[in-house]
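Below you'll find the structure, written out as structure tokens, and then a few comments.
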Protein chains: 2
Amino acid sequence: MRDCFEIVDKDLLGRVGRLKTRRGVVETPALAPVINPGLNVVPPREVAELGYGLLMTNAYLIKRRYGDVALEMGVHGLLGVETPIMTDSGAYQLMEYGEVEVKPLEIVEYQVKLGSDIGVILDIPTRHGVSRETVAREVEETIRRAREALEVDRGDMLLVGPVQGGVYLDIVARAARELAKLDYDIYAVGGPVQLMENYNYRELVRLVMTAKMNLPPGKPLHLFGAGNPHMLALAVAMGVDLFDSASYALYARDGRYMTPHGVYRLEDLGDLPCECPICSKLSVDELREMPYQERVYRLALHNLYVLRAELRRIRNAIREGSLWELVELRARSHPSLLQALKEYERYVAFIERHHPVARGVVSGLFFYDEVSRGRPEVYRHLHRLRERYTPPPADALLLALETEVKPFSRFGWIAELAKAVAGDALLRERVHVVVASAAYGVVPLELDSTYPLSQYESAIDTDEPRVAAALASDVAWFVRGLGRYRLAVVVYEARHEAAAVEIVKRLRRAGLRAFLRPFTSVGDTLAFLKLVLALSQPHT
Amino acid sequence: MRDCFEIVDKDLLGRVGRLKTRRGVVETPALAPVINPGLNVVPPREVAELGYGLLMTNAYLIKRRYGDVALEMGVHGLLGVETPIMTDSGAYQLMEYGEVEVKPLEIVEYQVKLGSDIGVILDIPTRHGVSRETVAREVEETIRRAREALEVDRGDMLLVGPVQGGVYLDIVARAARELAKLDYDIYAVGGPVQLMENYNYRELVRLVMTAKMNLPPGKPLHLFGAGNPHMLALAVAMGVDLFDSASYALYARDGRYMTPHGVYRLEDLGDLPCECPICSKLSVDELREMPYQERVYRLALHNLYVLRAELRRIRNAIREGSLWELVELRARSHPSLLQALKEYERYVAFIERHHPVARGVVSGLFFYDEVSRGRPEVYRHLHRLRERYTPPPADALLLALETEVKPFSRFGWIAELAKAVAGDALLRERVHVVVASAAYGVVPLELDSTYPLSQYESAIDTDEPRVAAALASDVAWFVRGLGRYRLAVVVYEARHEAAAVEIVKRLRRAGLRAFLRPFTSVGDTLAFLKLVLALSQPHT
């Protein structure tokens with residue numbers, strides 16, 4: 001087993017990595033622009049010079065067009081670059097045209113001879129709308145070919161094993177588990193082109209996550225044919241390290257102009273909303289009035305700049321630990337991406353296991369709404385409270401709804417209240433101060449300086465019924481789990497009233513004597529607390 | 001009254017416009033980079049050559065430093081450009097230092113003599129945390145000065161009248177109404193620097209919207225000191241046409257690197273996530289290791305490129321009618337911007353009156369969640385249903401929950417159902433087919449091809465309690481308003497069950513005989529409908 005992949009940084013399931021090929025290291029996440037061997041929209045050398053450390057071309061098309069003549073020049077000679085090159089095997093053509101004129105082993109051997117740095121086996125891509133039986137049979141054939149292909153002496157060429165199965169997730173899982181047993185350098189998820197063309201990113205999440213969960217976590221993962229910049233961040237958050245796409249050129253030929261948050265038609269643009277070397281020198285009219293070939297060339301370059309910048313943004317986000325924020329931002333590029341993000345959140349237990357504990361750059365987490373609560377930090381916090389937490393011995397809960405100043409234990413009235421409780425001999429023994437946070441649910445005050453429990457900015461409205469219900473349910477779960485509180489006082493500012501009411505309801509249902517108390521002053525709250533404690537003395 | 005402003009395109013309250021100054025037309029929305037007359041981080045000529053059509057400098061500082069000597073060169077001579085220049089009057093210095101060494105009329109006259117293209121009166125900026133009485137007194141003084149300043153012969157110089165008042169919205173409204181009576185070329189909203197430094201964008205929305213609603217809608221509006229790219233789209237959506245900011249330079253001196261969705265510290269970046277002419281030629285290490293002055297110069301240029309691109313993006317969005325989408329996207333740059341957007345939605349009735357009926361480019365509207373439902377198209381649709389709608393004569397409502405294919409009247413099972421109803425003599429007379437849409441509430445099927453009722457993509461979950469409740473309430477409101485239905489059948493796909501249940505509850509409370517019916521087939525639904533109609537015949 002060759003170890004060709006080094007993981008440098010992690011965030012969610014995404015990683016910044018180094019993929020070692022015989023022609024040098026490829027920094028990941030990377031997108032390999034697809035070079036059509038017969039028709040270069042942008043010359044391969046220029047693509048490489050833009051900083052694309054990996055190119056993709058099609059060994060099957062090369063074989064058909066040039067046959068063994070190509071073997072003399074090698075794929076690097078053909079494209080005129082020394083950059084690492086990945087070659088495809090004709091599987092896409094198999095999907096498009098139903099058959100290819102090459103045998104599975106033959107095309108692997110051809111890729112080796114062509115000097116490809118990364119080769120792909122001739123798998124059978126799952127098409128959309130095909131019956132379960134057919135897909136199951138095709139996947140078995142792909143697995144068979146994957147076993148067989150390992151017998152080819154591939155020398156220094158890295159080999160990719162594609163997971164297929166489409167919407168049949170049990171088949172996807174089986175394919176991934178079987179391939180995981182084989183010594184592949186790189187794994188891939190195949191056949192999502194139709195899903196992506198229809199913006200069916202929710203289904204794509206199911207497919208990629210199912211594959212990811214069943215593949216060796218340390219191996220690089222490739223996603224075939226993903227080239228719309230707005231979905232790259234989410235794909236990386238699922239653990240995708242490599243992309244290949246011809247979108248920069250296909251879009252350019254079709255007059256489509258990429259931006260980080262979506263694709264525009266050139267004729268709809270009044271200004272070029274971009275500062276890349278192409279757009280900063282041209283007006284939109286100049287671009288529109290160019291001869292077709294020149295316009296396509298420049299649009300393709302622009303698209304390559306946009307993709308490059310998005311990949312850099314993603315790498316930065318992984319390093320500083322803000323990939324979640326980037327994914328949430330991109331989820332506002334199209335409603336289907338928000339649906340996909342909600343689907344992604346269903347895998348939080350798996351994501352949390354791989355998500356690092358500390359961020360690269362210490363900065364606050366952003367919480368916008370219920371969707372933000374799906375991030376692994378929230379799951380992790382609640383999970384740890386359940387598994388590992390021992391509260392101080394107290395029978396009364398003083399539950400304060402979060403304030404805008406944080407950490408709660410140091411600033412604002414929650415801190416003052418806690419100080420007053422600690423300074424009172426009676427209260428100190430009996431009262432435990434806990435914060436209800438729209439972001440994290442329940443935060444025992446003695447834990448609140450633990451990262452990231454007070455490092456966040458929140459726009460979550462606690463008066464949204466779902467948020468109030470979630471918060472009340474977190475509090476009730478916490479109280480029931482500990483089983484030690486007999487009474488509770490819920491203190492809150494007016495804007496949190498709806499949530500406070502909901503929490504008190506749930507606490508009463510859980511058997512506590514629970515009281516609502518709008519915050520006015522520390523003295524007032526303390527007096528109320530003492531009154532409540534006195535009235536609820538056992539045996540009085 | 002001079003007419004210096006032409007509005008070319010509108011979207012929400014934002015506009016693409018042409019501001020005519022004596023030195024040429026400034027295309028708006030525009031941001032005037034602030035040039036410090038004593039210390040240029042980027043030479044003014046270079047700033048102008050980047051395409052910034054308006055520069056800002058400080059007449060008060062020029063007067064203090066150069067006095068009457070500056071009048072010989074004029075402000076254009078001093079800065080070495082022929083670009084239109086706006087000058088500030090020292091009001092910012094008044095706010096910072098409490099006093100200035102110049103009289104109000106004196107500085108207006110000085111600006112005229114300096115050859116400024118746009119001058120500002122010496123108003124009294126409202127500081128943060130100042131008492132209501134003080135603010136009221138200061139605003140009266142600003143209004144007095146504004147009246148007085150109009151007596152100065154300003155020749156071709158355009159004059160700006162600033163609205164002050166800070167968080168005291170009644171004072172802001174009064175200031176705006178009083179200034180609106182005066183013949184100012186441009187109005188401004190003043191003093192939001194502290195609000196913006198604290199990211200208190202919600203308060204900023206209240207301030208700007210209050211001013212906007214009380215100022216002449218056709219006049220250009222300037223917002224002082226707003227230079228963080230992530231908030232420009234929202235400000236433009238409030239009707240702001242002009243900005244000035246030194247942020248490009250101040251951030252650069254502080255090692256801060258702008259992006260469209262936020263500001264980063266240069267030391268936190270692993271890659272430069274930008275394709276501007278600066279960043280596409282440099283690595284982050286090269287930038288970091290430069291001598292301070294060179295780094296500041298390049299960072300400032302980068303920041304200017306980012307601001308320029310954002311302004312172009314905003315202009316494109318206005319032209320194509322997608323400013324709402326851009327504002328919603330930017331609201332995911334920071335939770336405080338989402339809070340601000342929610343505040344902005346409270347002004348929907350005013351926004352709707354100015355929002356154009358047709359979009360520049362016909363494309364679908366995006367709906368993500370409850371926040372998206374705050375857009376003026378939704379308000380407009382429901383308002384029109386209430387005011388102008390006459391339904392066909394029918395006593396039964398067939399309410400279908402939206403499908404993914406649209407328009408509902410042409411595709412999918414809703415269309416088939418409607419066709420079957422229309423083909424049946426009995427049903428045709430008695431049944432009205434209406435769609436419940438998470439985006440628009442209620443859409444009578446005969447209206448659904450009216451723009452934009454079926455041109456949308458939605459990620460709104462109807463099983464969120466707030467959405468289900470809003471939808472049910474829209475349906476009940478529609479039914480009660482018409483007062484003609486006696487019974488209703490609610491047909492739905494499984495994913496909308498929660499909303500369908502809620503709707504039936506509300507319809508029953510409104511006095512209808514309402515029935516739930518999961519959709520299985522057209523025939524089945526029709527049979528059920530007939531059964532229900534038969535059973536509920538009057539007098540049987």
Side-chain angles (χ1 to χ4, degrees), chain A residues 9 16 199 259-261 264-265 268-277 279-281 302 305-306 308-320 325 328-329 331-339 342 360-361 363 366-372 456-461 464-466 469, chain B residues 9 16 199 259-261 264-265 268-277 279-281 302 305-306 308-320 325 328-329 331-339 342 360-361 363 366-372 456-461 464-466 469:
Chain A
D9 265 307
V16 169
Y199 279 25
T259 77
H261 51 270
Y264 292 83
R265 303 208 66 82
D268 292 343
L269 289 174
D271 281 307
L272 297 178
C274 171
E275 295 300 346
C276 81
C279 300
S280 59
K281 286 194 210 87
H302 157 82
Y305 279 117
V306 169
R308 183 176 86 168
E310 183 65 2
L311 287 163
R312 287 180 177 177
R313 235 172 258 128
I314 291 169
R315 285 198 288 259
N316 276 332
I318 294 173
R319 283 197 199 94
E320 68 162 23
E325 276 82 355
E328 237 183 307
L329 182 68
R332 257 53 195 187
S333 302
H334 195 279
S336 58
L337 277 165
L338 181 60
Q339 289 174 321
K342 290 179 186 173
V361 173
S363 62
F366 290 168
F367 285 86
Y368 295 98
D369 53 24
E370 270 295 290
V371 175
S372 315
Y456 66 90
E457 300 283 336
S458 169
I460 304 179
D461 282 341
E464 286 192 19
R466 177 175 282 202
Chain B
D9 265 306
V16 168
Y199 278 26
T259 78
H261 52 272
Y264 292 82
R265 304 208 64 84
D268 292 342
L269 290 174
D271 281 307
L272 297 178
C274 171
E275 295 300 344
C276 81
C279 300
S280 59
K281 286 195 211 86
H302 157 81
Y305 279 117
V306 169
R308 182 175 89 169
E310 183 64 4
L311 288 162
R312 287 180 177 176
R313 234 171 259 130
I314 291 169
R315 286 198 288 261
N316 276 333
I318 293 173
R319 285 200 198 93
E320 68 161 25
E325 276 82 355
E328 235 181 309
L329 182 68
R332 303 288 151 165
S333 302
H334 195 278
S336 59
L337 277 164
L338 181 61
Q339 289 174 322
K342 290 180 184 172
V361 172
S363 62
F366 290 168
F367 286 86
Y368 296 97
D369 52 24
E370 269 297 290
V371 174
S372 315
Y456 66 89
E457 299 283 337
S458 168
I460 304 180
D461 281 340
E464 285 193 18
R466 176 175 283 198

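Values reported hereafter were calculated over all heavy atoms of this structure, with side chains retained and with hydrogens, waters and symmetry mates removed. In what follows, chains are A, B, ... by sequence order, proteins preceding strands, each numbered from 1. The structure displayed is predicted, hence computed values, not measured ones.
Interface check for chain B: of the options Val306(A), Asp268(A), Asp9(A), Ile314(A), the most heavy-atom pairs under 4.5 Å are formed by Asp268(A). Counting heavy-atom pairs closer than 4.5 Å to chain A, the top-ranked of the candidates Ala459(B), Ala331(B), Pro465(B) is Ala459(B). Chain B forms more heavy-atom pairs under 4.5 Å with one residue of Val371(A), Leu311(A), Asp369(A) than with any other, namely Asp369(A). Of the residues considered (Cys279(A), Ser372(A), Gly270(A)), Gly270(A) shows the highest number of contacts with chain B, using heavy-atom pairs under 4.5 Å. Note on Pro273(A), Ser336(A), Pro335(A), Ser458(A): by heavy-atom pairs under 4.5 Å with chain B, the leading option is Pro335(A). Chain A forms the most heavy-atom pairs under 4.5 Å with one residue out of His334(B), Glu310(B), Lys281(B), Glu370(B), and that residue is His334(B). With respect to chain B, the highest number of heavy-atom pairs below 4.5 Å among Phe366(A), Tyr368(A), Phe367(A) belongs to Tyr368(A).
For the residue pair Arg332(A) and Arg332(B), the shortest heavy atom distance occurs at NH2-NH2, 2.8 Å.
Side-chain atoms of Tyr305(B) do not come within 3.5 Å of backbone N or O of Cys274(A) as any donor-acceptor pair. Of the possible donor and acceptor atoms, one in the side chain of Asn316(A) sits under 3.5 Å from a partner among the backbone N and O of Asp271(B).
Of the atoms belonging to Ala469(B), not a single heavy atom falls under 4.5 Å from chain A. Only the side chain of Tyr264(B) comes within contact range of chain A, judged by heavy atoms closer than 4.5 Å. Contacts of Arg319(A) with chain B are made by side-chain atoms alone, with heavy-atom separations under 4.5 Å and no backbone atom involved.
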Practice problem: Apply side chain to side chain contact (heavy atoms under 4.5 Å, CB included) to Glu320(B) and Arg265(A), showing your working. | Solution: CA-CA 11 Å; Glu320(B) 68 161 25; Arg265(A) 303 208 66 82; over 6 Å; no
Quiz prompt | Verdict with supporting geometry, Lys342(B) and Asp461(A), side chain to side chain contact (heavy atoms under 4.5 Å, CB included) | solution = CA-CA 10 Å; Lys342(B) 290 180 184 172; Asp461(A) 282 341; 3.1 Å; yes
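No side-chain heavy atom of Tyr199(B) sits less than 4.5 Å from a side-chain heavy atom of Glu457(A). Residues Ser280(A) and Arg308(B) meet the side-chain proximity criterion, which asks for heavy atoms closer than 4.5 Å.
Remark: Ser333(B) engages Leu329(A), His230(B), His261(B), Arg330(B), Leu337(B) in a side chain to side chain contact (heavy atoms under 4.5 Å, CB included) (not counting sequence neighbours).
Taking CD1 from Ile460(B) and CD from Gln339(A), the interatomic distance works out to 10.5 Å, rounded to the nearest 0.5 Å.
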